[in-house]
Amino acid sequence: MTIFLPGATIGFFGGGQLARMSALAARSMGYDVHVLDPDPDCPAAAVASHVITAKYDDIDASIAFARTCDVITLDIEQVATESIAAASVHATVHPGAAPIHIIQDRGRQKEWLQQRGFPVSPFRIARSPLEIAAAFDALGRSIAKTTSGGYDGRGQARIRSPHDLPAASALTELATVVVEQWIELAGELSVMVARNSRGEVRTFPVSWNHHDNGVLTWAMTPAPVNHGTADAAIALATSIAHALDIVGLLAVELFVTADETLMVNELAPRPHNTFHATERACLTSQFEQQIRAVCGLPLGSTELLTAGAIVNLLGDLWRSDTDHPDWERALEVPGVRLHLYGKKVAKPGRKMGHLSAVGPTPQAARDAVLDAYGRLLPR
Ligand SMILES: Nc1ncnc2c1ncn2[C@@H]1O[C@H](COP(=O)(O)OP(=O)(O)OP(=O)(O)O)[C@@H](O)[C@H]1O
Ligand SMILES: [Mg+2]
């Protein structure tokens with residue numbers, strides 16, 4: 001296993017908020033940070049010593065980038081595997097092209113999971129309006145999702161009745177579509193696995209996640225579920241990480257049904273929005289863990305210090321460029337911290353930052369962030 005010690009240069013494909021927070025952890029540990037992103041003003045640019053402005057399928061730029069880095073990781077799965085392969089000639093890249101190839105296409109990912117016996121909601125792949133209609137006939141109430149390019153609930157259409165078929169069919173003009181059966185959820189969980197190139201793994205305490213309209217609103221840890229469910233979630237996610245042979249982080253989003261059956265919703269090979277509270281709740285944050293995993297350092301202890309929670313700050317909170325949320329009132333709530341990603345333009349649905357809190361119970365931490373969140377809104 002190659003080890004990259006402090007002083008080495010870590011590259012990030014993708015300079016969003018996840019890379020920004022991991023880059024801060026890397027900088028704290030004495031690493032240099034370079035970023036490749038289509039946007040020169042991306043959130044991680046403020047932390048990187050060098051930013052290459054290029055698209056994720058630009059092979060020449062990926063090679064030039066890799067030549068300046070010792071080890072490369074990513075904060076987005078939509079990097080062309082050709083770019084990863086080209087970069088791999090000049091630097092170590094974790095995760096590698098093979099797991100990214102499987103994960104980056106939602107259809108391929110679901111087929112891979114299903115073929116290996118991992119539980120997923122019943123689904124059909126659809127490429128035309130006719131196939132969308134056939135999938136709805138077979139599955140009943142369902143949700144159509146483009147196989148690539150979607151995130152935070154974008155590129156999705158719910159199908160409750162035949163009236164919804166035109167909107168779902170329109171997605172086939174953008175990309176191939178996965179039609180998934182709608183699951184009556186009792187809740188949503190996520191598991192974060194860190195795995196190094198020796199195959200050693202560490203998992204964080206399970207997170208409980210609340211979504212509104214397909215977008216994560218808040219998350220709390222540890223998830224208030226019975227031990228059997230938490231252990232089953234961790235075992236499932238760990239098996240997936242081994243089967244993918246992934247090095248770095250793997251977040252596994254899970255659905256929980258009323259009888260506490262688990263189903264895999266989707267995989268993310270990078271830090272995850274639902275584990276931001278690990279910065280305060282665990283001995284090691286997910287961001288430092290990513291750096292340790294890809295650099296071949298000992299994986300950090302994921303022991304829980306205290307319960308924690310986060311609430312997302314979406315661009316909708318900004319009523320205009322000059323009218324900011326009421327930070328002072330929110331920060332009056334004891335123990336609440338503000339995390340902003342340095343995004344210059346607030347757009348509806350755009351993740352601009354989050355609030356975090358810790359507490360004696362996950363619910364107490366959640367109540368603290370929601371209290372602070374309520375104070376951001378105009379009186
Ligand atoms: N089959 C389903 N049954 C019930 N709810 C679903 C289903 N699929 C998605 N959802 C709801 O929509 C949310 C977002 O779905 P999904 O994770 O597939 O989208 P995404 O765009 O990748 O989101 P993100 O980037 O926020 O993870 C889920 O977390 C869940 O709340
Ligand atoms: Mg999701």
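Both counts, for ligands and for their atoms, begin at 1 and track the order of listing.
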Residue selection (non-hydrogen contact nearest atom 30 (C) of ligand 1) among E188, H211, H272
E188
Pair Y56-D37, side chain to side chain contact (heavy atoms under 4.5 Å, CB included): steps then yes or no
CA-CA 7 Å; Y56 303 125; D37 193 284; 3.1 Å; yes
How long is the straight-line distance from CD of E180 back to CD1 of I159, given to the nearest 0.5 Å?
11.0 Å
Look only at interatomic distance and state if Q156 has a nitrogen or oxygen under 3.5 Å from any nitrogen or oxygen of ligand 1.
yes
Can you find a non-hydrogen atom of L216 under 4.0 Å from ligand 1?
no
Checking one value in my table: which N/O/S atom of E266 lies closest to the Mg ion (ligand 2)?
OE2
Distance-only, no hydrogens or angles: does the T176 side chain make a donor-acceptor pair with backbone N or O of R127 under 3.5 Å?
no
Relative to ligand 1, is E184 under 4.0 angstrom through side chain, backbone, both or neither, heavy atoms considered?
neither
Check: A219 main-chain N/O paired with T274 side-chain donor or acceptor under 3.5 Å
no
Answer side chain, backbone, both or neither: which part of N209 comes under 4.0 Å from ligand 1, heavy atoms only.
neither
As a test of reading the structure, name the N/O/S atom of E253 that is nearest the Mg ion (ligand 2).
OE1
Using distance alone, decide if ligand 1 has a nitrogen or oxygen within less than 3.5 Å of any nitrogen or oxygen in W182.
no
Proximity to ligand 1 by part of L185, non-hydrogen separation under 4.0 Å:
side chain
Would you confirm whether N312, through its side chain, and K351, through its main-chain N or O, come within 3.5 Å as a donor-acceptor pair?
no
For ligand 1, is N265 a contact, meaning one of its heavy atoms is under 4.0 Å away?
yes
Indicate, as side chain, backbone, both or neither, the part of I183 found under 4.0 angstrom from ligand 1 when only non-hydrogen atoms are considered.
both
Would you mind telling me if ligand 1 is within reach of the side chain of Q181, the backbone, both or neither, using heavy atoms under 4.0 Å?
backbone
Per-atom filter on ligand 1: closer than 4.0 angstrom to a heavy atom of E253 are 17 (O), 27 (O)
First locate atom CG of D105, then atom CH2 of W112, and finally report the distance between them rounded to the nearest 0.5 Å.
14.0 Å
In terms of hydrophobic clustering (I, L, V, M, F, W, Y; side-chain heavy atoms under 4.5 Å; direct or indirect links), are I125 and F136 co-clustered?
no
Tell me, please, whether W218 has R366 positioned over its six-membered ring: NZ or CZ under 6.0 Å from the ring centre and within 45 degrees of its axis?
yes
Could you please spell out the steps behind the side chain to side chain contact (heavy atoms under 4.5 Å, CB included) verdict for I52 and H34?
CA-CA 8 Å; I52 292 191; H34 293 183; over 6 Å; no
